[in-house]
Amino acid sequence: MKLVTVSLGSNIYPTRHIRYCLDALAETFGSLQISRVFESEPVGFTDSRNFYNLVVAFHSDWSPGELQAWSKQLEIEHGRLPDTAKFSPRALDIDLLTVGSLCGTIDDVTLPRSEITHNAFVLQPLAELLPTERHPLCDTSYASLWKTFELGSQRLWAVDFSWRGRWISQSDELPRLAAARR
Ligand SMILES: Nc1ncnc2c1ncn2[C@@H]1O[C@H](COP(=O)(O)OP(=O)(O)OP(=O)(O)O)[C@@H](O)[C@H]1O
Ligand SMILES: Nc1nc2c(c(=O)[nH]1)N=C(CO)CN2
């Protein structure tokens, strides 16, 4: 069994689509580790709807090709057309980040996915979820990569998000407000 990490993103009814996706992942792969959910403006194109992004980790013995085919099928079931342009609004985007320590192009899937070190909306949730895990190519921990990441104009903030009746993410504001009331 290998540790698999995937990045989820949506800017069309994101709460609904991300919850359905987590249901499907849990039903197929069992126990999930789930990061906080971050909101950010679209990177690379202009749209009035912000994205929700998170990272999920689980164990699987599926090949990269099998994981990719499963993800693409789920994206299509969520109303994503197979030929959606890269920089466009999307109901559900599932990107395979890592499959164990595999490096290279396997079954047409390039691992680790280069977006890990380019996009804050991928690296911040990954670094929070698996801080000591090492990037298979850089051999540096995700926490260290995030510490030295150049944010530039990218901004993201954690949002309140519940799944199956429990909070998996809370905005930074809530604990501060609760502490202020005490
Ligand atoms: N690590 C990877 N994860 C997902 N797809 C990959 C990966 N590496 C290569 N690909 C290939 O890239 C093709 C386009 O997928 P990709 O996920 O990049 O497109 P997209 O979903 O439209 O863009 P984005 O994910 O940036 O929104 C896929 O059909 C797949 O074969
Ligand atoms: N904030 C944000 N911007 C994006 C995202 C995304 O998931 N989040 N996905 C994109 C296409 O892969 C393009 N731009």
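All ligand and atom numbering here is 1-based and tracks the order in the structure.
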Would you please name every residue forming a side-chain hydrogen bond (donor to acceptor under 3.5 Å, both in side chains) with S10, sequence neighbours left out? none
With D61 via side-chain hydrogen bond (donor to acceptor under 3.5 Å, both in side chains) - residues at least two apart: none
If you define the side chain from C-beta out and look only at heavy atoms, does anything of I116 sit under 4.5 Å from T98? yes
Can an N or O of N53 be found at a distance shorter than 3.5 Å from an N or O of ligand 2? yes
In terms of ring plane angle, is the pair F121 and F51 parallel, tilted or perpendicular, where the classes change at 30° and 60°? parallel
Taking only heavy atoms of P42, which atoms of ligand 2 are found under 4.0 Å from at least one of them? 1 (N), 3 (N)
Please confirm whether E41 comes under 4.0 Å of ligand 2, counting heavy atoms of the residue only. yes
I want to check something: taking the side chain as every heavy atom from C-beta on, are L96 and W70 in contact at a cut-off of under 4.5 Å? no
Ligand 2 contact by G44, heavy-atom criterion under 4.0 angstrom: no
Check each heavy atom of N50 against ligand 2 and say whether those closer than 4.0 Å belong to the side chain, the backbone, both or neither. neither
Can you tell me which portion of V43 lies within the under-4.0 Å heavy-atom range of ligand 2? Options are side chain, backbone, both, or neither. both
Taking only heavy atoms of D93 into account, list the atoms of ligand 2 that are under 4.0 Å away from them. 12 (O)
Residues T117 and F149: closest non-hydrogen pair is O-CE1, 3.4 Å
